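Since the structure comes first, as structure tokens, the remarks are kept for the end.
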Number of protein chains: 2
Amino acid sequence: MAYRRTAQIQARLDTQRAAIVYAAIELVGESGYGACSIVRVAARAGIAAGTVYNHFGSKGDLLAEVFRVVVTREVEAVRAAVTASGRAAERVTAVIETFAGRAMKSPRLAYALLAEPVDPKVDALRLEFRQAFTDLVAAAVVDGVASGELPPQNPVVTASALVGAIGEVLIDPLDTGGSAPDMVSTVITFALRGIGVHDASHA
Amino acid sequence: MAYRRTAQIQARLDTQRAAIVYAAIELVGESGYGACSIVRVAARAGIAAGTVYNHFGSKGDLLAEVFRVVVTREVEAVRAAVTASGRAAERVTAVIETFAGRAMKSPRLAYALLAEPVDPKVDALRLEFRQAFTDLVAAAVVDGVASGELPPQNPVVTASALVGAIGEVLIDPLDTGGSAPDMVSTVITFALRGIGVHDASHA
DNA sequence: GTCTATAGTTCGATAGAC
DNA sequence: GTCTATCGAACTATAGAC
């Protein structure tokens with residue numbers, strides 16, 4: 001009878017796979033995608049380099065998995081922020097504070113996920129996940145327009161604009177490590193004015 | 001006497017290089033970066049595949065040159081639009097109309113340049129050229145703040161937000177080929193409100 | 001899991017420039 | 001006669017089909 005993978009073996013493989021992804025996330029967080037070589041990932045996970053290919057077809061697949069795991073967390077954090085009931089202004093402010101605040105706590109990681117030139121497979125995921133963020137923001141804008149808090153507008157276009165604005169603003173500070181102290185408040189003011197909140201102060 | 005490259009030969013090589021880049025731009029414009037294989041580029045330029053490598057070290061280098069050539073034109077078009085004197089509101093409106101209008105005229109090409117997953121070398125140029133656009137917009141915002149037309153704000157942050165917003169909004173329409181009729185006007189309204197223009201109507 | 005198709009890159013041979 | 005640009009087939013890797 002041929003070799004059959006027992007539940008015990010499968011569990012060990014799952015653990016090993018998780019260790020690989022975790023090691024890769026650490027490396028990306030410390031030094032970006034560029035530092036995330038297969039050899040270094042394997043060394044940190046305590047396995048041989050070739051073993052990585054038992055779990056991932058290519059380096060690009062591993063990097064894509066890193067992106068998926070981390071950014072899924074970020075989408076959920078933003079979802080929690082935007083789902084909270086309240087006025088559209090508060091919800092959009094919460095999105096920006098949540099997204100930017102979490103990014104600035106892990107600038108190297110956030111820069112890698114947001115902008116670092118890397119495998120096209122990661123590029124494709126960037127598009128996919130930006131859409132997820134846009135959907136969340138669009139829901140808040142739809143509600144705001146429906147309640148009359150916001151003037152009539154195309155919520156999808158507005159939400160795309162907000163997502164693009166927030167992402168672009170963060171790139172340079174995340175890359176250089178230094179942000180203007182008024183960065184987040186400037187973006188919030190810009191965003192609230194943009195969607196038509198009458199009093200865009202948010203002190 | 002050893003062979004030396006004469007001016008005549010050099011001119012022919014320069015022409016050949018330009019033909020390669022032009023053929024590649026045509027292909028990207030018709031079907032995106034994905035359709036831009038070395039063999040197809042060479043065939044369209046009327047040369048053998050191997051000859052491409054006399055001019056470019058790799059496919060990525062060729063794609064990067066395509067990006068550089070086309071987007072340099074776009075930066076200059078936006079520069080012309082924003083340099084025109086006038087109020088900040090008019091200048092920002094002109095930037096959006098120019099950028100979006102030109103993109104929508106060549107949607108396949110614009111999508112490829114703006115967002116299509118492709119070689120990291122192109123990603124790196126995207127960052128570089130977004131900075132060029134941001135610098136142009138920031139200058140307009142600085143002037144608007146200085147003249148009192150716009151409220152005090154961090155012009156670099158605002159300009160980044162504008163550039164990110166415009167780019168993000170265009171991605172989906174360029175990809176699917178269909179845009180909401182109010183897309184551009186929605187972005188303009190969003191942008192003018194965002195920077196604090198009091199009356200953001202622009203009919 | 002193997003096989004096939006496709007695409008990037010390399011390289012030896014040829015033809016042409018000096 | 002020597003050197004170079006070009007060609008195009010071969011090599012290598014990857015993706016998809018059966």
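What you are looking at is a predicted structure, and each value in this text was computed from that prediction instead of being measured.
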What does B/R12 touch in the nucleic acid at a heavy-atom separation under 4.0 angstrom: a base, only the sugar-phosphate, or nothing? sugar-phosphate
Contact class for B/T6 (heavy atom, under 4.0 Å): base, sugar-phosphate, or nothing? sugar-phosphate
Would you say [X] places a side-chain N or O within less than 4.0 Å of OP1 or OP2 belonging to [N]?
X: B/T51; N: D/dC7; value: yes
X: B/Q16; N: D/dA5; value: no
X: B/S37; N: C/dT6; value: no

Nearest-Å distance for atom pair [atom1]/[atom2], residues [X] and [N]:
X: B/L13; N: C/dG16; atom1: CG; atom2: P; result: 16 Å
X: B/I9; N: C/dA15; atom1: CD1; atom2: P; result: 17 Å
X: B/Y53; N: C/dA7; atom1: OH; atom2: C1'; result: 9 Å
X: A/F56; N: D/dT14; atom1: CZ; atom2: C1'; result: 19 Å
X: B/Q8; N: C/dG16; atom1: CD; atom2: C1'; result: 13 Å
X: B/L63; N: C/dG8; atom1: CG; atom2: P; result: 9 Å
X: B/I38; N: C/dC11; atom1: CD1; atom2: P; result: 17 Å
X: A/D119; N: D/dT14; atom1: CG; atom2: P; result: 11 Å

Do A/F67 and A/Y33 have side-chain heavy atoms sitting under 4.5 Å apart? yes
Side chain of A/K121, heavy atoms from C-beta onward: which of D/dA5, D/dA15, C/dT9 has the nearest atom to it? D/dA15
Hey, what do you get for CG (A/D119) to CG (A/L63), rounding to the nearest 0.5 Å? 6.5 Å
Within this structure, what is the OG1-CD distance for the pair B/T98 and B/E74, rounded to the nearest 0.5 Å? 9.5 Å
Which atom of B/M183 lies closest to which atom of B/P173, heavy atoms considered: SD-CG, 3.5 Å
Between A/G196 and A/P151, what is the shortest heavy-atom contact and its length? O-CD, 3.5 Å
